[in-house]
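Structure first, then comments.
We use all heavy atoms of the structure for the numbers below, so side chains are in, but hydrogens, waters and symmetry mates are not. Quick caveat, the model's predicted, so the values are computed rather than measured.
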Amino acid sequence: MPRPLKPRTIGVVPEICHFKPRGVPAKKLKTVGITLDEFEAIRLADYEGLSHEEAAVLMNVSRPTFSRLVEKARVKVAGFLVNGNQLVIDGGNIEFDPDRACVKCKENMPEKRMERRKRSCGIITGCVEEETELTDAQV
């Protein structure tokens, strides 16, 4: 009997979960599905630009497990694009943690990412927008 899977922690649920080529009825398309943890892995590695080590910590998995998730998701997304299939993002063994990170300002992200933050957004508690004052010379 295999060991039960440990839930993966995600911070963002996608707003849009279905993608398909325009002009082709969904009935005629093969469906490719990626799980929410695979979506989160791609988001952290490719969109946010985190290292596999940093992203694995955020998802509460080991680095090799994170690498497998990213690879699996990339193959599925590439198949979706190349073959013109329908993509559905759903399911997976996940735990949702909305307080883990603010998507706009990277609050609670690893320190390396915090240094690159330019503005705070006010979405999560303690995250306040920095105000810049214009001097007469700048106006």
Side-chain angles (χ1 to χ4, degrees):
M1 177 178 207
R3 185 173 69 113
L5 287 178
K6 192 168 135 182
R8 284 93 188 250
T9 305
I10 66 168
V12 175
V13 175
E15 290 182 28
I16 302 170
C17 296
H18 292 83
F19 300 90
K20 72 172 200 67
R22 186 171 62 177
V24 182
K27 291 185 241 178
K28 293 184 178 183
L29 295 173
K30 180 181 172 191
T31 300
V32 175
I34 68 171
T35 60
L36 289 167
D37 53 341
E38 291 169 342
F39 169 80
E40 181 75 350
I42 283 185
R43 187 184 73 81
L44 292 173
D46 297 336
Y47 183 73
E48 296 292 338
L50 295 177
S51 71
H52 285 206
E53 196 72 38
E54 293 169 324
V57 169
L58 288 175
M59 286 187 69
N60 197 27
V61 295
S62 69
R63 198 228 17 100
T65 298
F66 180 82
S67 295
R68 283 191 297 274
L69 280 171
V70 169
E71 184 62 30
K72 209 166 150 182
R74 285 177 180 162
V75 167
K76 289 178 181 181
V77 170
F80 154 71
L81 292 171
V82 171
N83 298 321
N85 297 328
Q86 177 176 221
L87 180 71
V88 177
I89 305 168
D90 193 24
N93 187 15
I94 59 149
E95 290 178 340
F96 182 64
D97 185 6
D99 297 328
R100 186 191 71 203
C102 174
V103 267
K104 290 194 177 181
C105 72
K106 312 304 180 259
E107 188 69 40
N108 296 331
M109 294 291 272
E111 282 303 312
K112 189 167 133 183
R113 297 290 289 179
M114 289 292 290
E115 292 169 8
R116 291 167 42 184
R117 180 178 72 185
K118 300 206 187 229
R119 293 178 21 151
S120 298
C121 68
I123 288 179
I124 63 174
T125 309
C127 183
V128 260
E129 194 164 317
E130 296 172 5
E131 295 181 20
T132 56
E133 293 182 23
L134 295 176
T135 61
D136 291 333
Q138 291 174 326
V139 175

- Residue pair N83, F80: steps toward the side chain to side chain contact (heavy atoms under 4.5 Å, CB included) verdict: CA-CA 6 Å; N83 298 321; F80 154 71; over 6 Å; no

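- Looking at N60, its side chain never comes within 3.5 Å of a backbone N or O of T9 through a donor-acceptor pair.
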- Can I89 and F19 be said to form a side chain to side chain contact (heavy atoms under 4.5 Å, CB included), step by step? CA-CA 9 Å; I89 305 168; F19 300 90; 3.9 Å; yes

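- Under the 3.5 Å distance criterion, the side-chain polar atoms of K72 are left unmatched by any main-chain donor or acceptor of K76.
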- Task: Determine, stepwise, if the pair V13 / F96 fulfils side chain to side chain contact (heavy atoms under 4.5 Å, CB included).
- Result: CA-CA 8 Å; V13 175; F96 182 64; 3.7 Å; yes

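- Considering every non-hydrogen atom in both V77 and I42, the closest pair reads CG2-CD1, 3.9 Å.
- In this structure, D90 places its CG atom where only 12 or fewer heavy-atom neighbours from other residues, nucleotides or ligands lie under 6.0 Å away.
- Contact check for D37 versus L69: side-chain heavy atoms found under the 4.5 Å cut-off.
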Tell me which donor-acceptor pairs under 3.5 Å the side chains of residues 27-34 have, and how far apart each pair is, sequence neighbours excluded?
{"unit_1": "T31", "atom_1": "OG1", "unit_2": "Q86", "atom_2": "NE2", "d": "3.0"}

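- At distances below 3.5 Å, not a single donor-acceptor pair connects side-chain atoms of E48 with backbone N or O atoms of A45.
- Taking all atoms of both residues into account, the shortest heavy-atom contact from I94 to L36 is CD1-CD1, 3.6 Å.
- With E38 contributing its side chain and V70 its backbone, the two residues share no donor-acceptor pair below 3.5 Å.
- Closest approach of N85 and P21 over heavy atoms only: O-CD, 3.5 Å.
- The hydrophobic cluster containing I16 also contains I10, counting ILVMFWY residues as joined when their side-chain heavy atoms lie under 4.5 angstrom apart, directly or transitively.
- Using modelled atom types, one side-chain atom of S67 and one backbone atom of R63 make a donor-acceptor pair closer than 3.5 Å.
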- Task: Step by step, work out the salt bridge (Lys or Arg N to Asp or Glu O under 4.0 Å) result for E40 and R43.
- Result: CA-CA 5 Å; E40 181 75 350; R43 187 184 73 81; 3.0 Å; yes

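- In this structure, P14 and C17 approach most closely via the heavy-atom pair O-SG, 3.6 Å.
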- Query: Where do L58 and L44 land on the side chain to side chain contact (heavy atoms under 4.5 Å, CB included) test, with the steps shown first?
  - Reply: CA-CA 9 Å; L58 288 175; L44 292 173; 4.2 Å; yes

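- With respect to the salt-bridge test (charged N to carboxylate O, under 4.0 angstrom), the residues E95 and R8 do not qualify.
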